[in-house]
Amino acid sequence: MTTREFDDITLERVREHVWEIAPEGEMEVPARVLASEALLEEIGDDDSLQQLKNAAHLPGMQKYALAMPDAHQGYGFPVGGVGAIDAEDGCISPGAVGFDINCGVRMLRTPLTYDDVRGREEELVDALFDAVPSGLGGGGVVEGSRDAVDGALERGVEWALEEGYATEYDLKHCEDEGRRPDAKPEYVPKKAKDRGMNQMGSLGSGNHFLEVQRVTDTFDDGVADAYGLREGEIVVLIHCGSRGLGHQICSNYVRKIEQEHGELLDRLPDKDLAAAPAGSALAEEYYGAMCAAVNFAWVNRQLITHRTRETLADVFDAVDTDDVELLYDVAHNIAKRETHEVDGEQRELFVHRKGATRAFPAGRAEVPAAYRDVGQPVIIPGSMGAGSYVLKGGDRSLSETFGSTAHGAGRLMSRTQAKQEFWGGDVQDDLAEQEHIYVKANSGATIAEEAPGVYKDIDEVVRVSGDLGIGDKVARTFPVCNIKG
DNA sequence: ATGTGC
């Protein structure tokens, strides 16, 4: 029997890439880490294994608390964590969704090839940087109003369509068609709405970015065709979330839940996991508010899409706004009511994915019609020096991970440590000179915090996902230019 | 992630 130990935590190897922590104390279920030995060493380096054990204490957790191959330490619940919790007898935990509700990514196809863009990267990066609001604080693509925020919270991308910022095609190619029907804007605190008002269509800061990329490889021609991806073509990746609005919802509800559900809190090893019992008023209110923030984040990415279309049409004579099509949009931080098979019966669950991507295979009803025969696109960004992947939902994802896989490369070190190791200006110069990647940011500190060297190996993360059969690679991209907060 | 502390 192969085991690995990190401090006082022992993991037993179940099979290749599957490591299990046996239940002890009040753990409801075992914890499982899905990783190669090399990735496990990195995951064991921070607090994420202890956090995963803590997560396994959440009442109603089904099968096992899961860590994806890109897992790292988060607030309470690890980033790269999946927790499927009974929606009737269990609970819902804001910390297991994350502060940035529906932080996620979308990919746009363009009619451009790399040859069209080569030599014009700096003009393009400047145009995008000027057009797309980024950084901390206010100012978005549209001037916000109370009605605009309420429309976005209630109807998501449908609101954007009514307002002329989206197409019918966009709706059909977004997770949940860009609208969570469970949204309850009345449970979104006024303060959250106020913060969101002047952030509608803005990237924010941290690891959020807009990146122009070229497709360097396709691995599964049938599926790459279905996704409309061809080698040499230019795509755009937009990574951002619900800004201050989602953050305010999370912090408000964590505080309320801590105050009202102390008896549940006492059963948990970390108060940052604070959870509302299923069926309680606060569980319903948080879930409704969280779903509304999910809609808001989809609108945020939609408004940035709109501005990106205008910018590409301005810069390139050959591009019309209609030519820039949405491939797909996926949430990376979300909890959803989903039905999954557990012990031979269908159960209604709150599937918490925090830094994890839904990866439903062909046939599952939630996959949009355009992709239902091949499986949903799974978009996984790497660092700004490494490129990204498009996967398809894997056949084993439903039985192994409640239909989930990784969401990115995963950090290797803290932001503080990153700033000690790297200097933003040097990172920017090296990327331009050595890799022909043109980065523009509001602050050098952000570039240092997001330097390629602070991330795990995206190729290794994707390899493990494919080996496990939870998400299979379809295409790889490489950065051309990148704007960020 | 975040009007970057409670």
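Remember, it's a predicted structure, so these values are computed and weren't measured experimentally. Just so it is clear, the values below take in all heavy atoms, side chains as well, and ignore hydrogens, waters and symmetry mates. Below, chain A is the first sequence line, B the second, and so on; all start at residue 1.
A:Gln199 comes within 4.0 angstrom of sugar-phosphate atoms only, judged by non-hydrogen atoms across all strands, and of no base. Here A:Arg415 lies in heavy-atom contact (under 4.0 Å) with sugar-phosphate atoms only. Residue A:Ser205 is in sugar-phosphate contact alone, with no base atom involved, counting any heavy-atom pair closer than 4.0 Å across all strands shown. Residue-level contact check: A:Gly241 touches neither bases nor backbone, having no heavy atom under 4.0 Å from any strand. Among the heavy atoms of the strands lying under 4.0 Å from A:Lys191 is at least one base atom, whether or not backbone atoms are also near.
Rounded to a whole Å, the CG atom of A:Asp272 is 14 Å from the C1' atom of B:dC6. The interatomic distance linking A:Arg243 (CZ) with B:dT2 (P) rounds to 5 Å, in whole Å. Per the geometry, CG belonging to A:Leu203 stands 10 Å off P belonging to B:dT2, to the nearest Å. Atoms NZ (A:Lys271) and C1' (B:dC6) sit 11 Å apart, rounded to a whole Å. One can place NE2 of A:His247 at 11 Å from P of B:dG5, the figure rounded to the nearest angstrom. If you measure from atom CZ of A:Arg255 to atom C1' of B:dC6, you get 11 Å, rounded to the nearest angstrom. Distance A:Tyr75 OH to B:dG5 C1': 14 Å, rounded to the nearest Å.
Screening A:Phe296, A:Tyr253, A:Tyr75, A:Phe99 for a ring pair (Phe, Tyr, Trp, His ring centres under 6.0 Å) with A:His247, the sole residue that qualifies is A:Phe99.
Side-chain polar atoms of A:Tyr165 and A:Asp170 form no donor-acceptor pair below 3.5 angstrom.
Across all non-hydrogen atoms, the minimal contact from A:Lys419 to A:Glu449 is NZ-OE2, 2.9 Å.
You'll find the side chain of A:Asp126 reaches within 4.5 Å of the side chain of A:Lys440, heavy atoms only.
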